[in-house]
Amino acid sequence: MNARTLTVPGQAGARRAANSSVVEAAARWGFVARGVIYLLVGALALHIAFGGSGRQADRGGALTQLSEQPFGSVLLWALGAGLTGMALWRLSEALFGAAGADGHKARKRLLSAGRCLFYGFVAYSVLAFAAGESSSGSGSSDRQSQDVTARALELPGGRWIVGLAGAGIVAAGAWIAVRAALRKYRKHLKQGGMSRRTRRLIDVTGVAGGVARGVLFAALGVFALSAALSYEPEKAKGFDDTLRSFAETPAGPWLLVLVAAGLVLFGIFSFAMARVRRV
């Protein structure tokens, strides 16, 4: 018996663990948690569009809103656990491959690794906020973006760093929007047993929600590029200021209404994916 024969059973056991019902449940709860955040952010943005101000339309505003509900602390811990589950599921995809014919390709695994890091950071901020560190989860996304941009601009080649990051976010936003418009999510669905009504709901929320999400990320990237070109970190924006900027376009508040409604629809789409996505 050599090291190779010892390793293979270990790999098989790890792969079975990655495909277990526990990981599947974690992934589905993660989609629910993601849906809650987008639903709340979209609702807050709609409130702003129709003349309200007050709470910020970003993750911090959403967490504060949730904390003020009955059993708010329990809801926050559940949300953080769900996002942790999402991160762990993406980690399993990075290590062992995702569902689907091309799930084992290096590009897919790298994407899953990036998503794991993203959801891991978001989960940490939510859990820290639930534990009482209010600055961790509810801080202004606008101030955080400006602080990070300011520190990056002070580095050697800071303009290039911020500019490339902004260009990358613009590209990511365009990629999200185009994939949603092309209904690329369909290949991940459990096709059997889905009613026509369910398919229609998924297409409406998936396309409209995905395009709105992509537009929001692309706009974030544009503001980061502007900060790099002008060497002014205050031009960088977070979710809240970016959403508010849509109301300052020639389309007026109606563009903000469309994007905000799209974020609400993406939240609903996430709830649907918790049920029908192959994981």
Side-chain angles (χ1 to χ4, degrees), residues 7-8 10-20 22-31 33-35 37-38 59 80 82-126 144-145 148-149 152 155 157 160-190 206 209-211 213-222 224-225 228 239 266 269-270 273-274 276-279:
T7 301
V8 171
Q11 289 177 340
R15 189 177 299 278
R16 284 194 298 271
N19 293 329
S20 70
V22 174
V23 174
E24 179 179 349
R28 299 197 186 285
W29 185 239
F31 278 113
R34 186 182 73 175
I37 290 180
Y38 274 98
R59 186 175 68 249
L83 292 167
T84 301
M86 177 71 88
L88 292 175
W89 170 52
R90 292 302 190 182
L91 177 62
S92 73
E93 287 190 331
L95 293 175
F96 307 112
D102 58 348
H104 293 276
K105 291 183 178 180
R107 181 179 64 85
K108 292 285 188 178
R109 291 192 177 194
L110 285 174
L111 282 173
S112 293
R115 288 165 174 159
C116 171
L117 292 175
F118 172 77
Y119 284 110
F121 170 77
V122 176
Y124 169 79
S125 68
V126 173
Q144 292 170 357
S145 296
V148 169
T149 302
L155 297 172
W160 283 101
I161 295 173
V162 175
L164 288 173
I169 296 172
V170 171
W175 182 75
I176 290 170
V178 169
R179 284 180 62 83
L182 295 177
R183 296 174 172 85
K184 291 291 187 179
Y185 53 80
R186 284 182 171 178
K187 65 182 180 181
H188 298 299
L189 301 179
K190 295 187 293 183
V211 169
R213 182 172 175 244
V215 167
L216 176 57
F217 275 96
L220 284 167
V222 169
L225 277 171
F239 269 39
F266 187 78
F269 173 73
S270 295
M273 294 296 274
V276 302
R277 194 189 195 282
R278 289 186 291 109
V279 297

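Side-chain atoms are counted along with the backbone in the values below, which use heavy atoms only and exclude waters and symmetry mates.
- Scanning for salt bridge (Lys or Arg N to Asp or Glu O under 4.0 Å) contacts around R186 gives D203, with sequence neighbours left out.
- Qualifying side-chain contact (heavy atoms from CB on, under 4.5 Å) partners for A228, counting only residues two or more places apart in sequence or in other chains: V162.
- We find the CG-OG1 distance between L91 and T84 to be 12.0 Å, quoted to the nearest 0.5 Å.
- Under the side-chain contact (heavy atoms from CB on, under 4.5 Å) criterion, A219 pairs with T242, F246, sequence neighbours left out.
- For the side-chain contact (heavy atoms from CB on, under 4.5 Å) test, residues two or more places apart in sequence or in another chain that qualify with V170 are V222, L225.
- Using a 4.5 Å heavy-atom cutoff, the side chains of M273 and L189 are in contact.
- With rounding to the nearest 0.5 angstrom, the OH atom of Y38 is 10.0 Å from the CZ atom of R59.
- Atom CZ of R278 and atom NE2 of H188 lie 7.5 Å apart (nearest 0.5 Å).
- Residues satisfying the side-chain contact (heavy atoms from CB on, under 4.5 Å) test with A177, not counting sequence neighbours, are none.
- Residues that satisfy the salt bridge (Lys or Arg N to Asp or Glu O under 4.0 Å) test with R213, not counting sequence neighbours, are absent from this structure.
- For G166 against A224, the heavy-atom pair with the smallest separation is CA-CB, 3.8 Å.
- Scanning for side chain to side chain donor-acceptor pair (under 3.5 Å) contacts around T149 gives an empty result, with sequence neighbours left out.
- Atom CG of residue L216 and atom CZ of residue F239 lie 4.5 Å apart, to the nearest 0.5 angstrom.
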Quick one: side chains of residues 112-123, donor-acceptor pairs under 3.5 Å with protein atoms, not counting sequence neighbours, listed by atom name and distance.
| residue | atom | partner | partner atom | Å |
| --- | --- | --- | --- | --- |
| S112 | OG | E93 | OE1 | 3.0 |
| S112 | OG | K108 | O | 3.2 |

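- Residue K190 places its NZ atom among more than 12 non-hydrogen atoms of other residues, nucleotides or ligands, all under 6.0 Å distant.
- Atom CH2 of W29 and atom CE of M86 lie 12.0 Å apart (nearest 0.5 Å).
- When the ring-ring contact (aromatic ring centres under 6.0 Å, His included) test is applied to F269, the partners found at least two apart in sequence or on another chain are Y185, F266.
- Ring pair W175/F217: centre-to-centre distance not below 6.0 Å.
- Contact record, R28 with V279: NH2-CG2, 3.8 Å, taken as the closest heavy-atom pair.
- Residues R109 and A94 approach most closely at CD-O, 3.3 Å, considering heavy atoms.
- A180 and G206 make their closest contact through CB-O, 3.7 Å (heavy atoms, listed as atom of the first residue, atom of the second, distance).
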